[in-house]
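Letters A, B, ... are given to chains in the order of the sequence lines, protein chains preceding strands, and every chain is numbered from 1.
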2 protein chains.
Amino acid sequence: MNSKYSLKDFELRSTPCRTDVLATFQKVDYALSQGDIEQRLSDQYDRVTVYRTLKTFLTQGLLHKVLDDNGGVKYALCKELCHQGDHTHQHDHVHFKCNLCGQTTCLETVHIPSIQLPAGFTKQESNLLIQGVCSVCGA
Amino acid sequence: MNSKYSLKDFELRSTPCRTDVLATFQKVDYALSQGDIEQRLSDQYDRVTVYRTLKTFLTQGLLHKVLDDNGGVKYALCKELCHQGDHTHQHDHVHFKCNLCGQTTCLETVHIPSIQLPAGFTKQESNLLIQGVCSVCGA
DNA sequence: CTGTGTGCAAACACTTTGCAGGTGT
DNA sequence: ACACCTGCAAAGTGTTTGCACACAG
């Protein structure tokens, strides 16, 4: 296990809500939506507070957005070294959404192969969402 | 130019709204959101009707969803042979969103390279969104 | 003529904003 | 003590549903 991030690592005040939200993400290895968080914390925090917490975590580089197939947004911890500093913040890893259980996991090991873009196109970021059946549901 | 689809090809009644929405998509080569459509048709149709039209087109296989980076949904024409019939409906082509002009284009020529998934994972569909600068804005 | 599409109103879901009061450092 | 976080209320935005009427085939 790698040492987990703490709020202080990101220059964030330690508050109950933030601590719990962060812990919630660290407990699972898949992406969570605002609603997921709220559920897992049994609505003990105001919906708005969770929104603001997520937004704060995003801008501080603790979380990154994960696209959902139906237009929703989920969030996942930034592992590795995509900290603050410059905002390159590359997340060229693959997300896998299981169509059965609905969980979206970051396939940390798989990276997006470089793709030959047509002339004139410049890539800044890419995001690959694969949908299918995960190893748990496929068994 | 390939012969464009007509509503009848998809067993859809020909109505003014559907005709105009379809024509709107055929006029451009990038993905449009519900709002885009409404604008381009100068709100001559009810917002609800456009929603329903899009949903109908989706289920009939005329359109497919295009992921947007901020959780929005856009739609683009299905070119090629991803018609109704079986619902394999593979859309493994790449979408490119320009961070300057905001347009999302389907890079029809570029396909997603096959990716080695971890054991137990089965792919059904994949969706690659690349963000950057398009050939027009990069000039 | 019959079934489906359309418009309007309203409900619904999700996210953001403003402000007063509480809390971390 | 001060700045920042939180909760509540309300507004904003995007999407869906119910129903009566209109229209395509």
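Counting any heavy atom pair closer than 4.0 Å across all strands shown, B:Thr56 reaches no nucleic acid atom. Counting any heavy atom pair closer than 4.0 Å across all strands shown, A:Arg52 reaches a base atom.
For the OP1/OP2 pair of D:dT15 and a distance below 4.0 Å, the side-chain nitrogens and oxygens of B:Lys55 include no atom meeting the criterion. Note on A:Arg47: every side-chain N or O is 4.0 Å or more away from OP1 and OP2 of D:dG7. Phosphate proximity of C:dT15 to A:Tyr51: present, with a side-chain N or O under 4.0 Å from OP1 or OP2. Close to C:dT6, at under 4.0 Å from its OP1 or OP2, lies a side-chain N or O of B:Thr53. For the pair A:Arg13 and C:dT23, the criterion of a side-chain N or O lying under 4.0 Å from OP1 or OP2 is not met. Within the 4.0 Å cut-off from OP1 or OP2 of D:dC4, not a single side-chain nitrogen or oxygen of A:Thr15 is found. For C:dG7, the OP1/OP2 oxygens have a side-chain nitrogen or oxygen of B:Thr49 closer than 4.0 Å.
Rounded to whole angstrom, the span from the CG atom of B:Leu7 across to the C1' atom of C:dT6 amounts to 15 Å. The NZ-C1' distance, from B:Lys65 to D:dG14, rounds to 13 Å in whole Å. Look at OH on B:Tyr45: it is 17 Å from C1' on C:dC8, rounded to the nearest Å. The CG-P distance, from B:Asp46 to D:dT15, rounds to 14 Å in whole Å. Rounding to whole angstrom units, CG of residue B:Asp36 and C1' of D:dG14 are separated by 13 Å. For the pair B:Lys74 NZ and D:dT15 C1', the computed distance is 18 Å after rounding to whole Å. Per the geometry, CD belonging to B:Glu38 stands 12 Å off C1' belonging to D:dT15, to the nearest Å. B:Leu32 has its CG atom 15 Å from the P atom of D:dG14, to the nearest Å.
Formation of a donor-acceptor pair under 3.5 Å by the A:Gln44 side chain with backbone atoms of A:Leu41 is found in this model.
DNA chain C is contacted by both B:Leu12 and B:Val48; B:Leu12 maps to the nucleotide lying nearer its 5′ end (nearest heavy atom per residue). Heavy-atom distances to DNA chain D give each of B:Gly72 and B:Pro16 a nearest nucleotide, and the one nearer the 5′ end belongs to B:Gly72.
Between A:Leu117 and A:Lys123 there is a side-chain heavy-atom pair separated by less than 4.5 Å. Taking 4.5 Å as the limit, every side-chain heavy atom of A:Ile130 sits out of range of all side-chain heavy atoms of A:Lys97. Residues A:Phe96 and B:Phe121 have side chains in contact (heavy-atom distance under 4.5 Å, counting atoms from C-beta outward). Side-chain contact between B:Cys17 and B:Arg52 is absent, with no heavy-atom pair separated by less than 4.5 Å.
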